[in-house]
Each structure stands twice: as C-alpha cells, then as structure tokens.
Amino acid sequence: MNIHEYQAAELLETYGIPINAGKVATTADEAALATQQLGGGSGKVAIKAQVHTGGRGKAGGIKLVGTPDEAREAAQSILGMDISGHIVHKVFVVPAVDIAREYYLGIILDRAARGITIMASSEGGVDIEEVARETPEKIIRVTADPLLGLQDFQARMVAFGLGIEPQLMRGFLSIVRSLYDAFVGSDASLAEINPLILTGDDRWLALDSKVTLDDNALYRHPAFDELRDANEEDQTETRARANGISFVKLDGDIGCVVNGAGLAMATMDAVKQQGGDPANFLDVGGGASADQVAMALELVLADPAVTAILFNIFGGITRCDLVAKGILEARTRVEVNVPMVIRLVGTNQEEGRQILSEAGITTVDTMTEAARGVVEASRAG
Amino acid sequence: MNIHEYQAAELLETYGIPINAGKVATTADEAALATQQLGGGSGKVAIKAQVHTGGRGKAGGIKLVGTPDEAREAAQSILGMDISGHIVHKVFVVPAVDIAREYYLGIILDRAARGITIMASSEGGVDIEEVARETPEKIIRVTADPLLGLQDFQARMVAFGLGIEPQLMRGFLSIVRSLYDAFVGSDASLAEINPLILTGDDRWLALDSKVTLDDNALYRHPAFDELRDANEEDQTETRARANGISFVKLDGDIGCVVNGAGLAMATMDAVKQQGGDPANFLDVGGGASADQVAMALELVLADPAVTAILFNIFGGITRCDLVAKGILEARTRVEVNVPMVIRLVGTNQEEGRQILSEAGITTVDTMTEAARGVVEASRAG
Amino acid sequence: MSILVDKNSRVLVQGITGREGTFHTGGMLEYGTQVVAGVTPGRAGKAVHGVPVYNTVAEAVAETKPNVSIIYVPGPFAPDAIMEATDSGIPLIICISENIPVNDMVKAYAHVKAAGARLIGPNCPGLITPGEAKIGIMPGYIHKRGRVGLVSRSGTLTYEVVWALTESGLGQTTAVGIGGDPIIGTSFIDVLELFEADPETEGIVMLGEIGGTDEEQAAAYIKEHVTKPVIGFIAGVTAPPGKRMGHAGAIISGGTGTAAEKIAALNAAGVEVAERPAQVADLMKARLSAQLRAYLCSARMPFSQHDAA
Amino acid sequence: MSILVDKNSRVLVQGITGREGTFHTGGMLEYGTQVVAGVTPGRAGKAVHGVPVYNTVAEAVAETKPNVSIIYVPGPFAPDAIMEATDSGIPLIICISENIPVNDMVKAYAHVKAAGARLIGPNCPGLITPGEAKIGIMPGYIHKRGRVGLVSRSGTLTYEVVWALTESGLGQTTAVGIGGDPIIGTSFIDVLELFEADPETEGIVMLGEIGGTDEEQAAAYIKEHVTKPVIGFIAGVTAPPGKRMGHAGAIISGGTGTAAEKIAALNAAGVEVAERPAQVADLMKARLSAQLRAYLCSARMPFSQHDAA
C-alpha cells in the first residue's frame with residue numbers, strides 16, 4: 001500500500017526521526033492559512049502535491065512561496081492537477097529549509113539478497129534509480145542479517161561510507177536505526193528519506209519521506225487503515241480486492257478474465273500480439289466459484305471502454321463447469337452488451353463447454369485463437 | 001538482581017500476564033487494611049513474606065487468613081521473621097484463589113544450550129528443582145532459537161506437552177508468549193510462574209512469580225533501579241560493587257583480599273583446607289590500583305567478625321608494588337587491628353615486597369603457606 | 001529419475017483439516033502420492049481421507065517419518081509452519097500459502113537456509129513428478145512422464161505449458177512451481193542445477209514473469225553451467241510499471257524487472273524465448289530433434305577416427 | 001605445534017584506542033605478537049604504538065589481513081564488535097570484555113556459530129602460545145614453552161597454575177582462558193579436542209570453577225575421546241549456593257554447579273583433581289613420568305615378542 005509523503009513523515013516521526021513538520025491542506029485557503037501559521041509570513045514555505053506517484057517536481061507539483069497569498073495561488077494551481085494520471089487532492093505545506101548537504105537514505109526489501117538492505121548516497125535529492133544506473137559506486141549498500149536485524153556496526157559502515165564526520169555521527173546513526181525500526185515495525189517494503197539533509201546549523205532533517213507498506217502485513221496494523229486514500233484507488237480495483245480478485249485497470253478496450261496471475265499476464269501479451277489493447281489485468285484466483293466468475297465479469301463490464309471480453313480459463317482447481325455457470329449467472333445480473341470470446345480448457349472442460357453451448361455460447365481451443373478472436377470481435381463491434 | 005514476588009508480578013502484568021493482584025504491607029495494620037480492601041472481609045487472603053530467598057512457605061512465611069484481625073496477627077508474626085538470614089520487611093496480601101490445577105512455567109537462561117529455554121510441568125506449586133531431580137520426564141523443555149525468538153509452534157509444543165485442552169489453549173499460549181516477551185524485554189535471566197493456576201472457573205492466573213534480572217543489562221532499564229531493596233542487600237556488598245570490587249559476605253572470620261574471581265575462590269578453599277573459615281569472597285578486579293586495594297581492605301575490616309586477613313595477589317596486570325602501596329595507604333585510612341598475612345607474587349613482586357618489608361610487613365611465597373599462616377594468626381589472635 | 005520428489009516421497013500435510021488442506025490431500029492421494037500424516041494443532045487423533053492428524057510436526061515425524069511437508073495454512077501462520085517443519089528435520093518443505101508478510105518470510109527463509117533444509121514457495125502450486133508423486137495443487141491428469149524438466153513462477157501458466165508438452169509427446173520429468181512472491185525459498189538457479197544433473201531430463205523449460213531479477217540471474221547461470229537446451233517464456237511483456245500483477249512478486253519497480261530485460265538476458269545466454277506459452281513445446285521439440293541429429297553425427301565421429309587410426 | 005595461535009597469527013585489536021586496548025596492545029607487541037591493525041570508529045588514520053587504526057573491521061581486514069581479532073570494547077558494545085568481526089570473515093575472535101548483557105551474548109554466539117567462526121570468551125584473559133604469540137592480558141613472562149596444554153575459566157588462577165608448570169619445567173604448549181561468563185563461545189570440550197589433536201601437547205590441565213555443567217560435560221567427553229593425561233582443579237569448593245562469586249558464571253543455582261559434583265564427574269572420567277592449584281604441576285609431572293615409564297616398557301614388548309617368534 002502506498003501512502004502520502006505527509007503520512008510517511010508522520011510515521012517516521014513516531015520512530016524518532018526529525019522531520020520537516022508541516023500542514024496538510026485540501027483547499028487553497030487552507031494552504032494560505034497553513035503558510036501563515038508556519039512561517040508567520042516571514043519565511044518561505046514549499047507547497048507540495050500529495051499524490052501516489054513520482055515526478056511531481058518536474059510536473060510542477062512543488063512550488064516555493066513567500067506569502068500566504070502566493071501560497072493560495074500556488075495551491076490553487078497544484079490542487080486538481082493531473083500528475084501521471086493521479087489527481088492532486090491535497091498539498092503538504094512545509095517551511096523552506098536552509099540546506100547544507102543532501103543525502104539519500106533508503107531501506108528496501110532486497111529480493112536478490114533475500115533480506116533488508118540499507119541504501120545510502122551522498123547524491124541526495126535526485127532520482128536514486130538514476131544514480132543506481134549511472135554511478136552505482138556512489139551508493140552504499142548494507143544488508144542486515146534478517147534474524148539479527150541491523151547491527152550498530154552496519155549503521156556505522158553506512159555513515160563512514162558517506163564520509164559523515166565524527167561530530168555528526170550520532171545524529172546520523174540514530175536516523176539510520178530509527179528508519180530500520182520504522183521499516184520493520186510498520187512492515188514496510190520501502191522506507192526512504194530523499195533528501196535527508198544537513199541544515200546550515202548542522203541539524204539532520206528528513207525533508208521528503210516515502211513509505212510503502214506490505215499489503216500482506218496490514219492485518220496486524222489496523223491503524224494503517226486510515227492512511228488509505230480512496231482518491232488514489234481505482235474503485236473497481238478496490239471492489240475486486242474485497243472479492244479476492246486481482247484487478248488492474250489498463251488503458252485498452254479488451255476486457256480479460258483469466259485464472260492465475262501468470263496466465264493473465266500471458267493473455268494480455270497475446271491480445272497485444274494480435275494487435276489489441278487489454279483493458280485490464282484480471283486474475284479470478286485459485287479455486288474460482290461461479291459467483292466469483294460472475295463478479296469478475298461485472299468488474300470488467302464496469303469499464304465503459306471495454307468493447308469485447310476474453311475469458312481464458314485453464315481449469316485446474318478451478319472447474320470449467322463452474323466457470324460456465326458463472327458466465328451464465330453473470331448474464332442474469334448484468335447486461336452483457338459486448339461480444340465475449342471464451343476459452344475454457346482443463347478440469348471438467350466438456351461439461352463447461354456443454355453448459356455454454358446450450359446457452360448459445362461457443363468456445364475456442366487455444367489462447368492464440370481466443371486472442372485473435374477477441375481482437376476481431378472488438379473491431380467488428 | 002533479585003526482585004520481590006510482588007515486583008515480579010507487577011512486571012509480568014505489564015506484559016499482559018493475568019496475575020493475582022494484591023497489596024504490599026510493611027506493617028501489621030497495613031496488612032489488616034489491605035485484607036479489608038481486598039476481601040471486603042468476606043473471602044480469605046494470603047499473607048506472604050517478601051524476601052529474596054526461597055523456602056518461605058516451610059519457614060512459616062505464608063499464612064492464610066479470613067479477617068483483617070487475623071491478617072494483622074499473621075502479618076505481625078511474619079514481619080521481622082528471619083528466613084535463611086533474610087529479615088522480612090514486607091508482606092504481600094493477595095486474595096485466596098479457587099485452584100483447579102497447578103502448573104509450573106519458567107523461562108531460564110540455558111547455559112548448556114546457550115539459549116533461552118522454556119520449562120513447564122504439570123507438577124506446579126512444588127519445588128521445580130526437586131521435580132527436575134526426581135522425575136525429569138515430567139518437565140517439558142523447549143529451547144527458543146536465540147535469533148528467531150520463541151515461535152508459536154514452540155509455545156504449542158509446551159501446551160500439548162502439558163496436555164492443555166483446546167478450549168484453554170489460547171489463554172495458555174498467550175501467557176507463554178508474554179512470559180517470553182517479559183524475559184527478553186526486561187533482560188531477565190529467570191522468569192518463572194509457580195504455580196500458574198487454572199481457577200475453578202477456567203481462568204489462568206499467575207499465583208506466584210519470580211524474576212531475576214541480568215545485572216549486566218540493568219544499564220538499559222533505569223526504571224529497575226527502584227526495584228532494588230536496600231534491606232535485602234549487604235551494605236558492604238553494595239559499597240564494594242560501587243567501587244568495582246566483587247564482594248560476598250560469608251560466615252567465617254578470615255578476611256580475604258584476592259585479585260581474580262577464580263583465585264579468590266581457590267583462596268577460600270585453601271583457608272578451609274587449613275581449618276579456617278573465610279569471612280568473605282573478595283575480588284579486587286583486574287588492574288587493581290593502590291586506591292582499590294585500600295578500599296578492599298576497608299571493606300574486609302568493616303566486618304567485626306574478621307580476626308585475620310589474607311592477601312593473595314598474583315600480579316599480572318595488577319602490579320605488586322601498587323598493591324603494596326595500597327596496603328600501606330589503607331593503614332593510614334583505617335585502623336588495622338588484626339594480623340595480615342600477605343602473599344604477593346608476579347609482576348613487580350620484588351618492588352612490592354621491598355615496600356612492605358620497609359614498613360615492617362613480611363610476605364609469604366605460596367598460597368598454601370599463606371592460608372596456613374592466616375589460620376594460625378587468627379587462632380593466635 | 002526425476003528431481004526432488006518421486007514415489008518414495010512421504011508427505012506430511014500441515015493444515016490438513018483446513019478447506020484447502022483437506023481438498024488437496026484428497027487430490028494428492030488420488031494421484032497416488034504417499035500422504036503419511038497431517039498436522040493441525042488441537043486436532044490430533046482425527047483423520048482426513050484416512051490420513052492421521054497430529055498436533056505437532058514433531059509428533060507426526062516421530063510416528064510417520066515424512067520426508068516432505070506441504071503447507072496449506074493461511075499466510076500469517078505459514079512462516080511458523082515452515083519453521084516447525086524445519087526444526088523437526090524435514091528436508092523439503094513446499095509452501096502453497098499466499099499472502100505471507102514479507103518480513104516474516106525473510107526470517108523464515110534465513111532460518112530454513114541456516115538449517116540446511118529446502119523450501120519451495122511460498123505462493124506456489126507445488127511440484128509433480130508425473131506418475132510418481134504430485135505434491136501440490138496442480139491438476140494431475142494434464143501431466144505425462146517424459147523428457148522435459150519445467151520450472152515456473154506461475155500456476156495456471158505452467159499448466160498451459162505442461163499441457164502443450166504433454167500433447168506434443170515430450171512430457172515432463174518433474175514440474176516445479178517456485179512461486180510468485182518476492183522472497184521465495186528456491187530460485188530458478190537451484191532448480192536448473194537439479195535438472196542439469198538429472199540424467200532423465202533432456203531439456204528444461206523456464207517460465208518467468210515480470211518483477212525482480214531472478215530470470216537475469218538464471219540466464220547468467222545457464223550461460224556458465226547448463227549444457228541442456230533451455231526454452232523460456234516471460235509473462236508480462238505488456239504490463240505497466242508500478243502495478244502489481246496479481247503475484248506480490250510480479251511488479252516492475254524502479255525501472256527493473258521488465259520482460260524485455262529478462263528476454264534479452266535469456267537470449268544472450270542462448271535461451272530461446274517463446275512468444276506464446278504453447279510455442280514452448282514446439283521450440284523444445286525442435287531443439288531436442290536438432291540435438292539428436294547432432295548427437296548421431298558426432299556419434300559417428302569416433303568410428304571415423306578409429307578407422308583413420 | 002600449539003593450538004589456535006602461533007607466530008603467524010595476525011592480530012586486530014577492536015577498541016584499540018581505549019585505555020585497556022592501548023595498554024594491552026603494548027603488552028602484546030612487547031611479547032612479539034604481530035598486531036597488524038586496530039579499530040575504533042571515528043579514529044581512522046591514528047596509530048597506537050605504531051599500529052594503524054581503522055574505522056571499521058572491514059577496512060582493517062581489507063588493508064592488513066588479520067586472522068585473529070581481540071576485543072577490548074566495553075561490555076555493552078562487545079556483541080556488536082563480535083558480530084562485526086564475524087561478518088568481516090575473521091575466523092578467531094577473542095573477547096576480553098566483561099559485563100556483557102547475557103541475552104545479547106546469546107544472539108552473538110548464535111551468529112558466530114552460524115558463520116562458522118570461533119569465539120573465545122567473553123570475560124576471559126585470552127590465550128598464549130609461549131614464545132610465539134600472546135593474544136590477551138596475561139603476564140607473558142610467567143609462561144614457558146613446554147609440554148602441557150592448559151584450559152581455564154579463570155584469569156589469575158590460571159597464572160598461578162601456569163607459573164607452577166613453568167617452575168616445574170613442564171611449561172605450556174598453549175594456555176587458553178575460555179572465560180567466566182554463563183555463555184561462552186568456546187567450551188572446555190572444544191579446547192580439549194584441539195589439545196588431544198596437537199602432537200606437541202603431552203598432557204592437559206583443565207581449571208574449572210563452580211557454576212553450570214561445563215566441567216561435567218567435559219568429563220564425559222574426556223572419558224570417550226581424550227587419551228592424554230588430564231589434571232583438573234575446581235575452584236569454589238567452599239562457595240555457598242545462590243551467591244555469584246565474581247564471575248557471572250560462577251554461581252551454584254538450583255542445586256547444580258557445585259564443585260563436589262564436578263570433581264566427582266572428573267574423577268569418574270579418570271581425571272585427577274588437584275586440591276591446590278600449584279599441586280596441578282606435581283600431579284602432571286607424576287603422570288607424564290608414569291606414562292613415559294609405561295611407554296618405555298611397552299616399547300620393549302615388541303622386541304620380546306619378536307624374540308619369542
């Protein structure tokens with residue numbers, strides 16, 4: 001689960017990390033008021049778009065202003081902005097800070113090392129992925145022993161690797177440790193401070209924070225429920241998740257209903273190979289019931305862009321007869337006004353095809369056939 | 001560090017363990033009042049001596065009473081009681097409980113396994129060391145992986161080993177986990193509930209708790225300072241510890257000043273072999289300074305039972321000349337009115353002996369000689 | 001031969017009384033797998049499809065000597081089940097469970113590794129040696145004993161390819177689903193090593209998907225260590241970045257984990273990558289035939305040399 | 001020969017700029033030990049007695065290739081230092097530090113063990129191979145290269161016995177202080193095994209004390225595996241139960257850990273236990289002489305048999 005910058009900052013603050021405290025505003029007036037309160041009209045503040053996507057700086061989603069009036073104006077222009085498909089509903093107003101140095105400090109779930117890795121760089125404030133690609137030697141990496149957790153000597157290796165001076169060491173080490181504690185304590189898969197800055201008067205400050213939470217561990221953090229931002233979630237995706245269906249909205253017009261994530265991706269790829277554009281990724285899950293298949297069809301049909309639907313089911317645990325019944329069931333619940341191409345093989349495939357054929361629905365044998373068929377049907381429609 | 005039963009119970013309660021809540025009383029009237037408050041005069045209460053030693057039950061340190069008047073009388077007899085050399089200054093007044101079953105549940109630092117071991121037995125409420133000796137098969141032992149901590153399946157192994165029924169399982173597992181958390185969280189070397197009982201109405205309750213804290217970890221638990229009971233500590237031992245000297249008061253009359261714990265024990269043994277009785281164990285520590293030697297001598301002289309003193313120093317890091325100076329220094333600070341037998345070998349032994357000889361003090365060569373000499377001197381004195 | 005499991009595998013089912021555990025125990029028994037015991041805490045003494053149930057893995061091990069455990073308990077409890085199996089000395093642990101908190105999995109993996117056991121999964125369909133043992137949730141009937149070893153991050157996509165291999169007559173030695181999570185116990189490389197060493201396996205199919213760099217690492221390994229023909233397939237060529245495609249592990253993040261990178265790495269290692277799942281079987285058939293021809297030619301060589309000598 | 005350390009040992013000192021670290025580095029250098037590097041975080045670039053100081057063990061290892069580390073940092077920081085040495089690949093770690101929280105030590109021990117390194121201590125005087133390397137805090141001059149291996153839980157008590165062995169002319173191959181804490185990295189058994197295998201060691205002295213059951217376990221091991229004569233001594237015959245005798249590990253608790261039990265176990269394993277520390281040397285001398293006589297007699301045997309044949 002993604003959370004906003006201001007939420008990440010609040011989370012890190014509870015672990016003792018010094019953050020640049022600010023105020024959230026949902027209207028231009030609130031932003032002006034926040035500016036008044038924070039700077040008293042004297043210092044500058046930054047107005048920062050809160051969206052679950054990167055690149056807001058380049059998109060004009062961050063503005064530095066000096067007065068409440070300027071803040072109102074800036075917020076006005078940022079609120080409602082579309083950044084990579086995300087509409088800005090909130091801005092974070094924070095005091096501008098005197099920056100002496102900028103660092104990157106991040107903790108990630110390291111798939112290759114099968115552990116938790118601390119990454120740091122003295123190239124802070126820039127896109128760390130770019131640093132990783134262009135100048136990997138500028139990134140310090142230390143992987144914590146999964147069972148021991150981060151040891152002090154490892155935190156020191158990060159600090160010495162960055163050339164932190166002895167008098168600044170204690171504060172830096174404390175931030176590294178706290179960030180690790182925050183990562184583990186909140187079951188994050190990413191916790192990053194970019195930039196972590198040293199101010200002109202030698203204070204450490206987390207200027208921008210990002211935290212991604214592990215969906216599978218949310219059950220033990222009920223308080224995180226309120227960090228969820230409905231504005232940032234596709235309604236259909238939310239509804240799918242509640243029904244145990246994996247759904248991702250895409251830009252095309254061919255709806256896909258598939259069982260299994262790998263097969264669902266392969267099906268999207270097959271549609272694309274035939275010149276079509278998938279409208280979604282959809283995995284109905286393992287032992288999909290008739291009811292779940294019906295729900296999946298409803299979810300796909302909820303997208304007005306869909307011009308044809310491809311069912312691709314390889315029955316293993318999933319029984320083809322139940323899938324067939326689900327399709328018929330769905331037709332009684334929602335109006336299916338687009339053509340459907342159905343591929344149904346595996347466990348109980350004959351029974352499934354029989355059910356569909358009796359209802360006047362024909363099926364195809366291979367995935368390629370199905371993909372070709374659905375693209376043709378979409379064009380015809 | 002040892003703490004009292006009532007303190008252990010309070011500590012375990014903070015980790016979510018259901019305890020038999022009671023009140024501490026330091027006078028008979030307080031005990032009567034506590035009885036009134038706890039039982040309202042209707043139920044029975046137990047008056048339990050709070051001392052840092054076992055066997056208080058057999059010593060008459062626990063009494064079951066029905067009324068505040070009986071409580072006053074019982075407390076009167078228990079307060080001031082000497083149990084294995086410990087004077088009772090406090091009693092713990094707790095409601096009597098309807099016991100259906102008694103278990104033993106303990107967590108210990110397991111030296112042999114180099115880990116933390118959970119021990120449990122359905123023979124609760126009795127001396128677990130006796131159970132361990134007589135019927136070891138009645139004790140369930142599960143050692144937690146030091147790096148992973150106690151796993152749920154291990155807690156279940158304890159429960160199934162005791163034959164806990166499914167409907168009682170959840171409560172029991174929660175106590176095992178909490179006790180483990182308490183052990184680790186408070187840096188204990190022992191945390192035990194004996195008995196852990198099941199009440200007539202199927203509730204789990206820690207009826208008697210014992211916790212021993214790791215002295216070496218007290219620095220990270222400043223709050224534990226107030227658990228220290230000055231009444232339970234020998235004043236000399238406390239003073240010794242504050243000066244980096246290991247001191248244990250014993251019952252004999254021959255004072256010992258030795259460098260190194262192993263050598264100090266061996267010295268005590270040598271005194272005993274010669275028919276003497278050591279008044280103390282004393283290790284002045286590694287690189288003992290003149291000042292520390294003087295302090296050690298003062299500590300030994302503070303015991304009026306001491307009739308002669310044996311110095312046994314094997315200079316390694318410790319320099320014999322400094323030890324000699326320390327002895328002379330001590331004589332200027334306290335009156336040494338008992339004979340001293342000094343064995344001083346190792347680093348700078350000639351210088352040391354020279355210094356002492358100039359002050360009219362002679363030394364001996366071997367430990368055996370020294371032990372024999374000090375026992376003779378003691379008898380002569 | 002085959003890898004990891006065969007007719008001598010003695011299977012323990014952890015979470016046997018749950019819906020999934022009970023259902024798939026039936027499926028495994030039906031296939032002829034030796035399921036010797038099940039564990040569900042508090043259910044000792046019961047039986048599922050005739051399989052005795054124990055409270056703890058330790059008891060089940062003492063009584064029935066399983067050498068494989070398959071785990072069906074819900075995700076939050078799966079790491080504990082993995083560690084219980086590990087500590088009871090079971091050398092091969094298959095974890096079907098999904099939705100495991102990843103930080104718990106990191107610890108469980110480290111523990112299993114330190115103990116020298118092998119974990120397959122989590123969030124995987126299990127594995128099957130056709131005709132000998134099915135230890136997982138795959139439909140048994142689509143498999144056929146044969147010449148190709150298969151390793152995959154997916155479930156149904158694997159079935160698609162297994163079916164094509166069966167239809168083509170190639171069949172499978174063993175098919176292993178390594179799972180779709182970010183942290184998995186057994187990687188492509190581990191299985192490639194086993195297939196390379198298995199005399200019955202003539203060719204290897206490797207089914208990858210977007211996310212992580214396991215396929216790239218496997219490609220590097222193949223280049224150095226694998227002499228048998230490998231045919232690949234990567235799902236998710238059209239997947240957008242930043243979106244988790246069902247599997248927790250199937251996500252393009254930070255510009256890495258794209259299908260294009262994986263396909264390029266595999267191609268560079270001499271692995272043919274199919275465009276469609278079913279095509280895998282055709283490519284493998286062609287490679288094995290070509291290899292046979294080459295072998296027949298080279299087999300004549302010594303004779304010529306001998307003749308010359 | 002000797003065990004664990006010799007003239008090729010390259011020593012790293014962790015905590016070299018501290019009072020203890022500096023003092024004992026001097027002592028070790030004076031003895032002729034190769035001290036190649038020191039570590040104190042934040043003091044890189046400095047030197048102590050000419051030994052270069054680094055910020056991290058990793059740097060020190062990269063630059064100076066030590067194969068032993070000795071730790072003098074204060075107790076609360078010692079587990080971290082142990083793990084830093086372990087993770088930097090140092091195979092032998094000697095921890096002098098005392099007052100280490102025991103739960104931290106349990107973890108550090110588990111980590112060292114999993115990594116396959118060897119830890120000696122904590123709360124120990126270190127070890128010495130006379131004439132080759134002194135890696136510890138013992139006074140070097142009392143030692144003399146010789147025939148007896150010594151392993152001990154104490155410090156000054158060891159010096160007492162070392163001195164007696166030196167005076168008696170027996171001398172030492174290596175003297176190892178394993179430490180007085182409840183959790184120690186290397187046990188009596190570990191060292192007994194090494195001495196048994198060391199051709200130069202003719203006899204073994206084992207100095208125990210009250211607390212724990214290490215001596216009892218060692219006795220059982222000696223009975224099964226040690227062929228060389230072993231002389232023991234146990235300190236604390238007169239120690240009362242429940243009182244910690246200086247060392248955190250020296251405590252009789254729960255009725256176990258008494259000197260009487262240990263002496264009985266050792267006697268049962270054929271180990272002579274001295275009544276006084278200095279007596280250890282006399283007993284060893286007698287045993288080695290007896291052994292020599294027995295050897296000379298048995299050496300004549302084959303001749304007689306040959307003659308008879």
Side-chain angles (χ1 to χ4, degrees), chain B residues 53-54 108-109 111-112 114-116 128-130 132-133 145-147 183-184 187-190 214-217 219-220 246 248-251 258-266 268-273 277-278 281-283 285-287 313-318 345-347 366-368 371, chain D residues 20 23-24 75-76 98-104 106-107 109-111 113-114 125 137-139 141-142 152-160 163 180 182-183 207 209-214 217 233 235-240 242-250 254-256 259 275-278:
Chain B
T53 185
I108 56 158
L109 174 75
R111 295 167 63 145
R114 291 173 185 171
I116 297 168
I128 194 66
E129 285 152 15
E130 203 178 299
R133 261 194 312 276
D145 182 290
L147 302 183
F183 182 96
V184 172
D187 276 305
S189 48
L190 171 81
D214 176 8
D215 292 330
N216 289 345
Y219 75 92
R220 52 186 170 207
S246 286
V248 177
K249 171 89 184 72
L250 300 171
D251 293 334
V258 191
N259 68 325
L263 192 60
M265 280 188 274
M268 284 159 48
D269 297 346
V271 167
K272 195 88 178 184
Q273 278 169 7
D277 267 315
F281 163 95
L282 189 154
D283 169 12
I313 303 292
F314 201 112
I317 304 321
T318 305
V345 295
T347 308
T366 71
M367 213 167 116
T368 309
Chain D
E20 298 268 302
F23 178 76
H24 293 296
E98 56 184 341
N99 298 324
I100 300 179
V102 74
N103 284 335
D104 293 353
V106 164
K107 288 186 187 174
Y109 172 78
H111 185 63
K113 193 175 163 223
I137 63 173
M138 64 289 288
Y141 76 93
I142 60 171
S152 169
R153 277 172 70 186
S154 323
T156 47
L157 176 58
T158 312
Y159 311 160
E160 184 88 35
W163 185 237
I183 305 292
L207 306 181
E209 61 188 28
I210 55 160
T213 55
D214 270 21
Q217 288 163 36
F233 177 79
V237 173
T238 58
K243 290 284 188 179
R244 168 180 157 167
M245 296 286 122
H247 288 168
T256 64
E275 289 192 350
R276 302 181 307 277

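The sequence lines fix the lettering, A, B, ..., with proteins before strands; numbering per chain opens at 1. This is a predicted model, so every value here is computed, not measured.
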Gap between atom CZ of B:R111 and atom CD1 of D:I183 - 0.5 Å precision: 7.5 Å
Engaged part of D:E160 at the chain B interface, taking heavy atoms whose separation is under 4.5 Å: both
Student check: side-chain heavy atoms of D:D104 and B:R220 closer than 4.5 Å: yes
Chain B contact via D:S154 - which portion, at a heavy-atom distance below 4.5 Å: side chain
Which of D:D214, D:L207, D:L157 touches chain B most, by non-hydrogen pairs under 4.5 Å: D:L157
Contacting region of B:A371 [heavy-atom separation from chain D under 4.5 Å]: neither
Greatest number of heavy atom pairs closer than 4.5 Å to chain B - which of D:G211, D:G180, D:P125, D:P182: D:P182
Selection from D:A239, D:A248, D:G75, D:A235 maximising heavy-atom pairs under 4.5 Å formed with chain B: D:A235
Contact leader toward chain D among B:V345, B:L263, B:I128, where contacts are heavy-atom pairs under 4.5 Å: B:L263
Toward chain D, the part of B:A270 with a non-hydrogen atom under 4.5 Å: neither
Side chain to side chain contact (heavy atoms under 4.5 Å, CB included) between D:T156 and B:D283, intermediate numbers included: CA-CA 11 Å; D:T156 47; B:D283 169 12; over 6 Å; no
From CD1 (B:I116) to CG (B:L109), nearest 0.5 Å: 7.0 Å
Engaged part of D:R153 at the chain B interface, taking heavy atoms whose separation is under 4.5 Å: side chain
Under 3.5 Å: donor-acceptor pair, side chain of B:T318, backbone of B:G315: no
Per-residue contact mode, D:E275 against chain B (heavy atom under 4.5 angstrom): both
Exam field: side chain D:R244 to backbone B:S246, donor-acceptor pair closer than 3.5 Å: no
Exam field: side chain B:D269 to backbone D:V237, donor-acceptor pair closer than 3.5 Å: yes
Contact winner vs chain D - B:M265, B:M367, B:M268, heavy-atom pairs under 4.5 Å: B:M265
Proximal component of D:I137, with respect to chain B [non-hydrogen, under 4.5 Å]: both
Residue part contacting chain B, namely of D:Y159, when any heavy atom lies under 4.5 Å: both
Interface moiety of B:D187 toward chain D, non-hydrogen atoms closer than 4.5 Å: both
Under 3.5 Å: donor-acceptor pair, side chain of D:Y141, backbone of B:T347: yes
Donor-acceptor pair, side chain of D:N99 and main chain of B:N216, under 3.5 angstrom: no
B:F314, part contacting chain D, at a heavy-atom distance under 4.5 Å: both
Exercise: identify the closest heavy-atom pair between D:T158 and D:S152: OG1-OG, 2.7 Å
Structural part of B:F183 lying under 4.5 Å from a heavy atom of chain D: both
Distance in Å, B:K249 NZ paired with B:F281 CZ, rounded so as to fall on 0.5 Å steps: 14.5 Å
Heavy-atom check, side chain of B:Y219 versus side chain of D:P101, under 4.5 Å: yes
Toward chain D, the part of B:I313 with a non-hydrogen atom under 4.5 Å: neither
Proximity breakdown for B:D215 and chain D, heavy-atom pairs closer than 4.5 Å: side chain
Nearest heavy-atom neighbours spanning D:V106 and B:P146: CG1-CB, 3.3 Å
Which portion of D:K243 sits near chain B, non-hydrogen atoms under 4.5 angstrom: side chain
When D:R276, D:H247, D:M245 are compared by non-hydrogen pairs under 4.5 Å with chain B, the top option: D:M245
Closest-packed option against chain D by number of heavy-atom pairs under 4.5 Å, given B:S189, B:P278, B:G346, B:A264: B:G346
